Amino acid sequence: MNPAGLSLRTAEGITFTLPLAGPGTRFLAWSVDAIAAGALTVMIGGAINLLTVVLPGLAEALAVLVFFLIQTGYGIAAEWWWRGQTPGKRLFGLRVMDAEGLRLQFGQIVMRNLLRPVDALPLFYLVGGVACAITRHAQRLGDLAANTVVVRTVRQPQPDYEPIATGRFNSLRAHPHLAARLRQRTSPSEAIAALQALLRRDTLEPGARVDLFADLGAHFRDLVPFPPEAVEGLTDEAYLRAVTDILFRARTEHDPPPSPERMHWPHVSPSRPPSL
Amino acid sequence: MILDLERFVAAEQPHWQELQLLLTRLEGNGSGRLSMEEIRRLHYLYERTAADLGKLATFASEPVLRAFLEALVARAYGEIHGTPHQIRRFSPWRWLIEVLPQTFRRHAWAFGLAVAVTLVGACFGALAIGLDPGAKGVIMPFPHLLGDPRERVAREESAQGQDRHLAGAHTSFSATLMTHNTRVSIATLALGVTWGIGTIILLFYNGVILGAVIADYVLAHQARFLAGWLLPHGAIEIPAILIAGQAGFMLGAALLGLGRRTPLTQRLREITPDLVTLMAGAALLLVWAGIVEAFLSQYHEPRLPYALKISFGLFELVALTLYLGAAGRGRAREEPGAETPGSLSDRRDPDVPSAAPAPLP
């Protein structure tokens with residue numbers, strides 16, 4: 001179960017969403033951290049045991065201090081060092097972030113970790129889990145006090161538009177008025193459906209792929225009927241590719257290739273001189 | 001709704017990649033210091049990518065590219081807006097002689113409340129023991145306090161009793177005391193999240209035990225032993241727990257927000273650095289108290305004269321009072337809500353609205 005994202009608006013008026021982590025993943029990450037902290041304690045404890053032979057009193061004191069420091073300081077140190085991540089959070093792709101999208105401050109890390117004892121009540125983070133499940137931004141009490149959220153750090157790969165950049169002859173473009181009507185009548189959601197179907201076509205099962213493109217093809221054929229000579233010999237998939245080409249690419253084959261140096265503002269025509 | 005996606009991506013991609021590189025450098029552990037030119041570039045790239053995101057939202061609805069740009073803008077946003085207001089390096093000495101006592105005084109009301117709750121608890125404990133000595137078994141959690149004070153004093157003052165404490169376990173006893181007391185103080189702070197109720201209960205309970213012990217020994221005419229036993233470490237340990245209680249009450253008050261118009265997140269943001277400062281101070285005091293309790297408090301007459309122990313405790317108390325009450329006074333930034341440079345965590349200026357946008361409903 002994943003809670004909704006946290007939407008933030010920048011001063012420039014741009015909205016972006018941070019995907020939030022749910023209590024389940026967070027508990028798994030915590031379990032990994034608990035094991036890691038335990039392993040660390042055992043390792044250092046082993047080293048201290050060697051000291052017992054020479055200075056038994058000091059060794060015992062060190063053991064007590066080390067246990068306490070790891071128990072209290074593990075989360076603080078890891079989250080400070082890795083900017084909001086512990087080994088467990090790294091493993092599960094989670095990160096602590098400021099609830100307003102700002103950079104995490106040291107004080108916030110300390111606060112959310114000092115409040116852990118309350119969240120861990122009465123057993124296995126029940127209080128924290130319940131708080132996480134009922135608060136809007138999936139925060140445990142420590143997060144609420146420290147003004148932090150835990151987000152999922154899914155590294156978004158940059159999308160690849162190779163499948164639709166065909167560069168082939170598009171028979172539908174021979175009818176500019178129909179192409180314009182197609183753009184006008186297509187809603188954004190229909191356009192996404194067509195584009196996503198093309199981008200993900202290789203992940204579909206062959207039968208499902210045929211069915212899906214038949215449905216989408218029929219839909220777009222109904223939306224704007226092109227004359228028979230334009231669609232002759234086109235499979236549903238090729239038809240949809242031609243439609244997507246019209247919807248998402250304004251230029252014609254004769255346009256110069258895009259240059260990274262120039263900003264393109266498609267559909268903003270240069271201001272015309274006033275007609276006399 | 002139509003955007004020439006291919007052309008758009010081809011034109012903008014180099015900027016996105018450059019921004020990604022800059023961010024990766026910045027996010028590496030603190031080593032990514034940028035020059036002025038690079039900062040300007042970062043800002044330009046951020047605004048450009050944000051504009052691309054805005055354009056994508058208006059023209060074409062393409063979820064994958066949109067998610068990619070959102071992630072990029074979110075990362076850059078944190079870097080640009082979240083840079084700490086204070087870039088001065090943290091100085092432990094300044095923190096000790098200025099920041100901690102100033103922070104303590106700024107929230108003196110919460111400390112007063114913690115003292116009051118503890119005193120009420122102590123009166124309750126003392127009354128309970130005075131009226132019904134049988135209540136001891138219920139109130140005292142420690143077995144060594146359950147017996148007759150006179151017997152304990154006699155035992156502790158005998159050479160044998162002192163040697164029992166000398167069994168080479170001072171260091172570990174000291175470490176146990178430090179960690180136990182620090183845990184209690186963390187709990188005292190953390191329970192502040194129950195709007196301060198948990199903190200009240202913990203402080204009251206501490207007060208009850210303290211009051212009961214004092215009443216028990218005073219009624220048994222062992223006040224001198226008690227003062228000699230408790231004062232050397234108690235003069236530091238009890239204030240440390242009270243400071244943790246102060247922090248707990250500050251947290252509770254920020255959650256309740258009585259009489260304040262600032263939003264909850266803003267209130268919490270304002271006190272977070274102060275809470276961390278106070279807790280660090282309490283932890284330091286508890287380290288000192290742990291050492292004193294293990295190495296000094298457990299020695300009694302005839303080995304150590306009570307007068308010496310009591311004066312040592314009183315000296316500590318006066319020194320602590322002077323330190324918390326006067327250190328760093330007269331230096332800048334004492335007024336409430338002011339910047340505390342070099343505080344353990346960086347504080348943000350509450351007067352800069354652009355740096356703290358409100359989450360959308």
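All heavy atoms count here, side chains included; hydrogens, waters and symmetry mates do not. Note that the structure is a prediction, hence the values are computed from the model and not measured. Convention: sequence-line order gives letters A, B, ...; per-chain numbering from 1.
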Closest approach of A:Thr15 to B:Leu53 (non-hydrogen atoms, all atoms of both residues): O-CD2, 3.8 Å
Which atom of B:Thr272 lies closest to which atom of A:Ala145, heavy atoms considered: OG1-O, 4.1 Å
Heavy-atom proximity to chain A below 4.5 Å, by part of B:Leu191: both
Gap separating the OH atom of B:Tyr77 from the CD1 atom of A:Ile14, nearest 0.5 angstrom: 12.0 Å
Heavy-atom pair with the smallest gap, counting every atom of B:Glu70 and A:Thr17: OE1-N, 3.3 Å
Partner chain A: residue of B:Val193, B:Leu275, B:Thr265 with the largest heavy-atom pair count (under 4.5 Å): B:Thr265
Side-chain touch A:Thr10/B:Tyr46, heavy atoms, less than 4.5 angstrom: yes
Non-hydrogen atoms of B:Val276 and A:Met111 that approach each other most closely: CG2-CG, 4.3 Å
Close side-chain approach of B:Arg269 and A:Glu100, heavy atoms under 4.5 Å: yes
Pairwise distance CG(B:Leu189) to CG(A:Leu115) - rounded to 0.5 angstrom: 6.0 Å
Test side-chain contact (heavy atoms from CB on, under 4.5 Å) applied to B:Thr179 and A:Leu69, A:Leu65, A:Val66, the passing residue: A:Leu65
A:Leu144 CG to B:Leu264 CG distance, which is reported to the nearest 0.5 Å: 8.0 Å
Gap separating the CG atom of B:Leu65 from the CG atom of A:Leu199, nearest 0.5 angstrom: 10.5 Å
Part of A:Leu114 within contact of chain B (heavy atom distance under 4.5 Å): both
Distance, nearest 0.5 Å, that separates CD of B:Glu270 from CG of A:Asn147: 11.0 Å
Neighbour count >12 (heavy atoms, 6.0 Å) for atom CZ, B:Phe295: yes
B:Ala74 portion near chain A, given a 4.5 angstrom heavy-atom threshold: both
N/O donor-acceptor pair under 3.5 Å between A:Glu60 side chain and B:Ser172 backbone: no
Separation of B:Arg183 CZ from A:Phe68 CZ (nearest 0.5 Å): 5.5 Å
